[in-house]
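Below, chain A is the first sequence line, B the second, and so on; all start at residue 1.
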Amino acid sequence: MRWSRYYLFTTREVPRDAEVVSHQLMVRSGMVKKLAAGIYSYLPFGWRSLAKLMEIVRREMAAAGAVELSMPAVQPAELWHESGRWQDYGRELLRLSDRHDRDFVFGPTHEEVITDIVRHDVSSYRQLPISLYQIQVKFRDEIRPRFGLMRGREFLMKDAYSFHTDDASLAVTYEEIRQAYCRIFEACGLDYTMVEADSGAIGGSHSHEFMVVAETGESAVVRCPECDYAANVEKAETRALPAPPAGPESGLRKVPTPGATSVEEVAALLEVATSQVVKTLVYMGPDGPVATLVRGDREVNEVKLAASLGAPGIRLAEPAEVEEATGAPLGFAGPVGLPDGLRVVADESVRPLAGFVVGANEADAHYVGVDLERDVRVDDWADLLLVGGGDACPRCDGKLEEFRGIEVGHIFMLGDKYSKSMGCTYLDDQGESHAMQMGCYGLGIGRTVAAAIEQGHDDGGIVWPLPLAPFEVLLLSLQTRNEEVVAASNQLYDELTRAGVEVLYDDRDERPGVKFNDADLIGVPLRIVVGARSLKEGQIELSLRRTKEKEMVAVDGAVESIRERLEAERARVTGSGG
RNA sequence: CGGGGCGUAGCUCAGCCUGGUAGAGCGCACGGUUCGGGACCGUGAGGCCGGAGGUUCAAGUCCUCUCGCCCCGACCA
């Protein structure tokens, strides 16, 4: 491809709304252009990288036995009523209506459609298992789209769905696809980790996320350096916390604590550790307010709480709601003497405490010397703890480390959530009808490319891993008015093209400085410079974007040298993946 | 949903407080000198100042409404 005929316009200035480096570089290198909040055009240079990833994904999905199809982006509301998600999915679901006022959604995911397809076509255990996937545009109306392609509203996603007679068959496919995902991210040369995850709004039992390690990642993850345990903090567990010493008093006593509404203030005022205070948070659940108890120095994991209540849409209660539920203003709620109707859920971190401090359910007062058995009614015990770095690994003696990651893939064992509600059944060898077991497997295409840039860049611009690079080679002609240089560049371009090398040929009539800086910005892995000076010696310059090391090679036979460098680079990625 | 900020040339921004003929840098076009790490000189094109309404002799500037974009928060008691 000749740059002079290509659609690639770089910019020196960063658009004001680009915050993270991948977004800035994608805009500056002419990969994407924003059309509206969270909605982007993929320009030719960016599209090539996305296409590269999609080919890797197709190859590995096929290897895992999945079959490609393509489903509609616009889906009738009836399917979503059937699955119940018209209600459950919330405001992220973009709803539309047609000229007849019939309701539709722009699909954020395709469980309903695929289940509808399969329930019509598949009726026998002999047709199972099957795995289907598509690569398609999705729309989720995010509260706050940001970071360019990392959290867009419209985005490209590979989504796969598998159908099975039973759990065992599902487990086999789940494992095959898990391995396919590992191969995909390894093939891209990304530093990633697989973690245990919460299954959230999609539903189901078992789920893993694939995280690309990056400081700008939106997800917090813990990992044990001693064993292979890794989990999203939404899901992460730890061992029982070491019990703090019992508080100084053992008899229940009300003490004045004017104005002390935070754990820190109360602990300071009463001269106890924050771990000897119990925090009472009131959440609004599906059946009204719920009081939750957690040790004062720790925090409640709302995802765990939602899961234990069996309700996706919980929120912290408003001050007025807290007062109505507990009779106390914000900051003084406590588990002693709560109204009988108010459900109390306690985190396990509270269990070993003795002689602790809680709010007194009246303004400016707390109880000290609280005893769990004697003074507190707990309806349910649960693991509600937000786990973080430094906590004990639940599997071994290690200590968890915390880091941030970009969620690029998420796989779920769905079970029969959709097949049951939508009547996707098969007949077994006894002629009996059963709901199919399902799995679903998502992989963010744009997000993965953005993640690759987060991991691969320097001050000059993008440093592409070879497998995702829009072009393998940038052929840079330094003097476009020098006949020898032009002739040698043209010939090299022809030879490389014929040899099947993906080459971008910078034949633009620009100054060298401009070309070099653009070369760094767009990050093509192997740069070839043809300039008058070295051409006199019959030589051209090769350099890797990654290392910036330069070497001179003879023009004659240059194609072979170039192919060798590319092979070495390719081997580097696949050789050290994972 | 709450709070804040910003919409002026393709891009980044100034001008608005204190109303009076629309600006800069980069980019773009043309001419010249340059040419292995974002050159220099000269000339030029390009804007109904997001939209609507109002105040005024006069609005980019003041007022009201509206649309868009960005950031922060959404209560850890």
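- Counting non-hydrogen atoms under 4.0 angstrom, A:Val294 reaches nothing in the nucleic acid.
- Using a 4.0 Å cut-off, some side-chain N or O of A:Arg16 falls inside it from OP1 or OP2 of B:rC13.
- Across B:rG10 and B:rG2, the matching C1' atoms stand 36 Å from one another, rounded to whole Å.
- Distance from the side chain of A:Ser534 is smallest for B:rG36 among the nucleotides B:rC71, B:rG36, B:rC76.
- Looking at heavy-atom distances under 4.0 Å, A:Gly359 makes no contact with the nucleic acid at all.
- Rounding to the nearest 0.5 Å gives a distance of 9.0 Å between CG of A:Leu8 and CG of A:Leu43.
- Taking only side-chain atoms of A:Asp17, from C-beta outward, the nucleotide of B:rC76, B:rC70, B:rU34 with the closest atom is B:rC70.
- Residue contacts for A:Pro15: at a heavy-atom cut-off of 4.0 Å it reaches the sugar-phosphate backbone alone, with no base atom in range.
- No N or O donor and acceptor, one from the side chain of A:Glu510 and one from the base of B:rG38, sit under 3.5 Å apart.
- Checking A:Ala37 against A:Val278, the closest nucleotide of RNA chain B that is more toward the 5' end is the one next to A:Ala37.
- There is a side-chain donor-acceptor pair under 3.5 Å between A:Ser4 and A:Asp507.
- Distances from the side chain of A:Arg28 to the nucleotides B:rG38, B:rC76, B:rU12 place B:rG38 closest.
- Between A:Lys34 and B:rC70, a side-chain N or O to OP1/OP2 separation shorter than 4.0 Å is present.
- In this structure, of B:rC76, B:rC11, B:rG36, it is B:rC11 that holds the atom nearest to the side chain of A:Glu13.
- Side-chain atoms of A:Arg12 stay outside donor-acceptor range of the base of B:rG10, with no qualifying N/O pair under 3.5 Å.
- Per the geometry, CZ belonging to A:Arg481 stands 9 Å off C1' belonging to B:rC35, to the nearest Å.
- Backbone-only contact: A:Val14 has heavy atoms under 4.0 Å from sugar-phosphate atoms and none from a base.
- Rounded to whole Å, the separation between the C1' atoms of B:rG15 and B:rA24 comes to 11 Å.
- Along RNA chain B, the nucleotide nearest to A:Pro145 and the one nearest to A:Arg298 differ in position, and the one closer to the 5' end is contacted by A:Pro145.
- Nucleotide B:rU34: unpaired (no Watson-Crick or G-U wobble partner with both distances less than 3.5 Å).
- Atom CD in A:Gln479 sits about 15 Å away from atom P in B:rA39, given to the nearest Å.
- Remark: the A:Glu19 side chain and the B:rC70 base include no donor-acceptor N/O pair separated by less than 3.5 Å.
- The CZ-C1' distance, from A:Phe516 to B:rA39, rounds to 15 Å in whole Å.
- Remark: the separation of the C1' atoms in B:rA14 and B:rC49 is 13 Å, to the nearest Å.
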- request: Test A:Arg151 against A:Glu218 for salt bridge (Lys or Arg N to Asp or Glu O under 4.0 Å), laying out the working first.
  value: CA-CA 9 Å; A:Arg151 182 169 291 279; A:Glu218 294 190 276; 2.9 Å; yes
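- Between the side chains of A:Ser534 and A:Gln539, no donor-acceptor pair is found at a separation under 3.5 Å.
- For B:rC17, there is no paired nucleotide, since no Watson-Crick or G-U wobble pair has both relevant distances below 3.5 Å.
- Heavy atoms from other residues, nucleotides or ligands lying under 6.0 Å from CZ of A:Phe9 number more than 12.
- Between the CZ atom of A:Arg511 and the C1' atom of B:rG37 there is a distance of 10 Å, rounded to whole Å.
- B:rG10: Watson-Crick or G-U partner is B:rC26, with both key distances under 3.5 Å.
- Of the nucleotides present, none pairs with B:rC48 by Watson-Crick or G-U wobble criteria with both distances under 3.5 Å.
- Nearest to the side chain of A:Pro319, among B:rG37, B:rC75, B:rU12, sits B:rC75.
- Rounded to a whole angstrom, the distance from the P atom of B:rC16 to that of B:rC1 is 34 Å.
- On the C1' atoms, B:rG27 is 15 Å away from B:rA39, given to the nearest whole Å.
- On the P atoms, B:rA45 is 41 Å away from B:rC65, given to the nearest whole Å.
- Heavy atoms of A:Ala333 sit nowhere under 4.0 angstrom from any nucleic acid atom.
- Comparing atom distances between the A:Pro512 side chain and each of B:rA39, B:rC75, B:rG36 picks out B:rG36 as nearest.
- You won't find any donor-acceptor pair under 3.5 Å spanning the side chain of A:Thr11 and the base of B:rG10, going by distance alone.
- Comparing the C1' positions of B:rG25 and B:rA9 gives an interatomic distance of 12 Å, to the nearest angstrom.
- Here the C1' atom of nucleotide B:rA74 and the CE atom of A:Met284 are 16 Å apart, to the nearest Å.
- Rounded to an integer number of Å, the gap from A:Tyr283 OH to B:rC76 C1' is 6 Å.
- For A:Glu264, the CD atom is densely surrounded, since the number of other residues' heavy atoms within 6.0 Å is greater than 12.
- Ranking B:rU34, B:rG38, B:rC76 by closeness to the A:Asn517 side chain, first place goes to B:rG38.
- Rounded to whole angstrom, the span from the CZ atom of A:Arg508 across to the P atom of B:rG27 amounts to 13 Å.
- B:rU55: no Watson-Crick or G-U partner with both key distances under 3.5 Å is found in any strand.
- The aromatic rings of A:Phe45 and A:Trp464 sit perpendicular, their planes meeting at an angle over 60°, well past the 30° parallel limit.
- Judged by Watson-Crick or G-U wobble contacts below 3.5 Å, the nucleotide B:rC1 has B:rG73 as its partner.
- If you check B:rG36, B:rC71, B:rC76 against the side chain of A:Glu302, the one that comes closest is B:rC76.
- With both ends at atom C1', the span from B:rG42 to B:rG37 equals 26 Å, rounded to whole Å.
- Distance CZ (A:Phe9) to P (B:rG27): 16 Å, rounded to an integer number of Å.
- Applying the 6.0 Å contact sphere to CD of A:Glu265 captures more than 12 heavy atoms from other residues, nucleotides or ligands.
- With values rounded to the nearest 0.5 angstrom, A:Leu526 atom CG is found 7.0 Å from A:Ser543 atom OG.
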